Amino acid sequence: MVGSSQVPLLLRAARGEKLDRPPVWMMRQAGRYMKAYRDLREKYPSFRERSEIPEVAVEVSLQPWRAFRPDGVILFSDIVTPLPGMGIGMDIAEGKGPIIDNPIRTQAQVDALRTLEPDESLPFIRTILQALRDEVKNESTVLGFVGAPWTLAAYAVEGKGSKTYSVIKNMAFTEPALLHDFLGKLADSIAIYVRHQIDCGAQVVQMFDSWAGQLSPQDYETFALPYQKRVFEQVRQTHPETPLILLISGSAGLLERMKMAEPDIISVDWTVDMADARRRLGADMKVQGNLDPGVLYGSHSFIRDRILDTIRKAGHQGHILNLGHGVLKDTPEDNVRFFFETAKQADELLAVHA
Ligand code: CP3
């Protein structure tokens, strides 16, 4: 065990090793459901301060690590964080999410964009990721993350979150060349950003294409898939060893097509049964996720049963236990603690509850 224990569990799962139990972490495991986070938010009311002042971002990233010892520690940041470095001004509004200063609507705006230079525009990323690696050592895996081109374009073009994606779909279907030009530029900068996060210490990187599930399959193949693929290909040219995870919200209708982007791991949500996801993706695709974040409102025995059900269906190989999306902000903190504790005892519990 001594040799293999040098490599943290999540990284071993991402490399396809068979394990005694799947590693466990949560999306949005740092955030509003934690009292420690709400307390710190009073001192640093702006999201950009919390995520861009290195000491504060490190502290927030480590709050769940100290409380629950998850197998993955994710950088506290946001998918829109790199946009100002490309020339797209933004802020993250309390309770609303990203707000873009001048939404991208014209070719002149796309022409004026800059290629991301992470050490110049995001100097805090290097400090934060290095500090996280120093702190968790090989007891946990440090995850980086980025938004995918389609989802970042959706924010940049709409100007904010949307229910209908009317503005970007209007652009997609009336001025496709303009949108493709923008998506290509985003892909190249995102690939640079992923490589940078890996150079700074990220051991696994997750790409969020949160809003790609809003596209029909044929439009997914036109506007989302090629650019996901472009990012992954560019990253693999220089960093072939780093596992890359792909997440789409509401992805049940897209699973086979997600595989065409060639991620190492697919994060599935609760709109698909894990056994079906396994069958549809095939034995060679690693999986993560699947539990409805709402499960954490349930009783301890309910939470335990759902964890065991997911593990039975996904197995102990090529499986990272996670929610299908971020933990909800009014989730009882004690249920999050129970989730991690139970997940770590999964091998014994599965034997008892067989
Ligand atoms: O998982 C983690 O712990 C890392 C933190 C993280 C944040 N945003 C912090 C955050 C991650 C991985 C993200 C990614 C992100 N940001 C996505 C992709 C994941 C997804 O949700 O599909 C998206 C779409 C965004 C854009 C965004 N930023 C939204 C929709 C919001 C929430 C608005 C709200 O208030 O409900 C934000 C703000 C944000 N980013 C918060 C957090 C913890 C909430 C504000 C806060 O806690 O102060």
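Whatever order the structure lists them in is the order used to number ligands and atoms, beginning at 1. The model shown is predicted, which means the values in this text are computed figures rather than measured ones.
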Worksheet item: In ligand 1, which numbered atoms sit nearer than 4.0 Å to a non-hydrogen atom of Met27?
Response: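 Once the distances to Met27 are compared, the set is 1 (O).
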Which residue and atom name correspond to the protein heavy atom nearest [atom], and how close is it?
atom: atom 37 (C) of ligand 1; value: Asp78 OD1, 3.6 Å
atom: atom 38 (C) of ligand 1; value: Ile92 CG2, 3.6 Å
atom: atom 19 (C) of ligand 1; value: Phe208 CD2, 3.3 Å
atom: atom 18 (C) of ligand 1; value: Ser210 OG, 3.2 Å
atom: atom 33 (C) of ligand 1; value: Gly97 N, 3.4 Å
atom: atom 24 (C) of ligand 1; value: Tyr155 OH, 3.5 Å
atom: atom 42 (C) of ligand 1; value: Phe47 CE1, 3.6 Å
atom: atom 20 (C) of ligand 1; value: His325 NE2, 3.0 Å

Short side-chain to backbone donor-acceptor contact, [X] and [Y], under 3.5 Å:
X: Glu158; Y: Val167; value: yes
X: Gln109; Y: Pro103; value: yes
X: Gln317; Y: Gly16; value: yes

May I ask which of [options] has a heavy atom nearer to [atom] than the others do?
atom: atom 14 (C) of ligand 1; options: Ile79, Leu247, Leu75; value: Ile79
atom: atom 32 (C) of ligand 1; options: Lys329, Arg50, Arg28; value: Arg28
atom: atom 35 (O) of ligand 1; options: Arg32, Met34, Met207; value: Arg32
atom: atom 9 (C) of ligand 1; options: Ser77, Pro64, Gly161, Pro45; value: Ser77

Discussion item. Can you confirm, on distance only, whether ligand 1 has an N/O atom lying under 3.5 Å from any N/O atom belonging to Pro98?
Written reply: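 No; the residue has no nitrogen or oxygen that sits under 3.5 Å from a nitrogen or oxygen of the ligand.
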Worksheet item: Got an N/O contact under 3.5 Å between Trp211 and ligand 1?
Response: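 No - when backbone and side-chain N and O of Trp211 are compared with those of ligand 1, no distance drops under 3.5 Å.
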Worksheet item: Is Trp270 isolated, or which residues cluster with it under the ILVMFWY side-chain rule of less than 4.5 Å, directly or via members?
Response: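 Answer for Trp270: none, a lone residue.
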Below 30° counts as parallel, above 60° as perpendicular, anything between as tilted: where do the rings of [X] and [Y] land?
X: Phe68; Y: Tyr33; result: parallel
X: Phe338; Y: His300; result: parallel
X: Phe223; Y: His180; result: parallel

Practice prompt. Please verify whether a non-hydrogen atom of Gly326 lies at under 4.0 Å from ligand 1.
Written response: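 The answer is no, since Gly326 has no heavy atom less than 4.0 Å from ligand 1.
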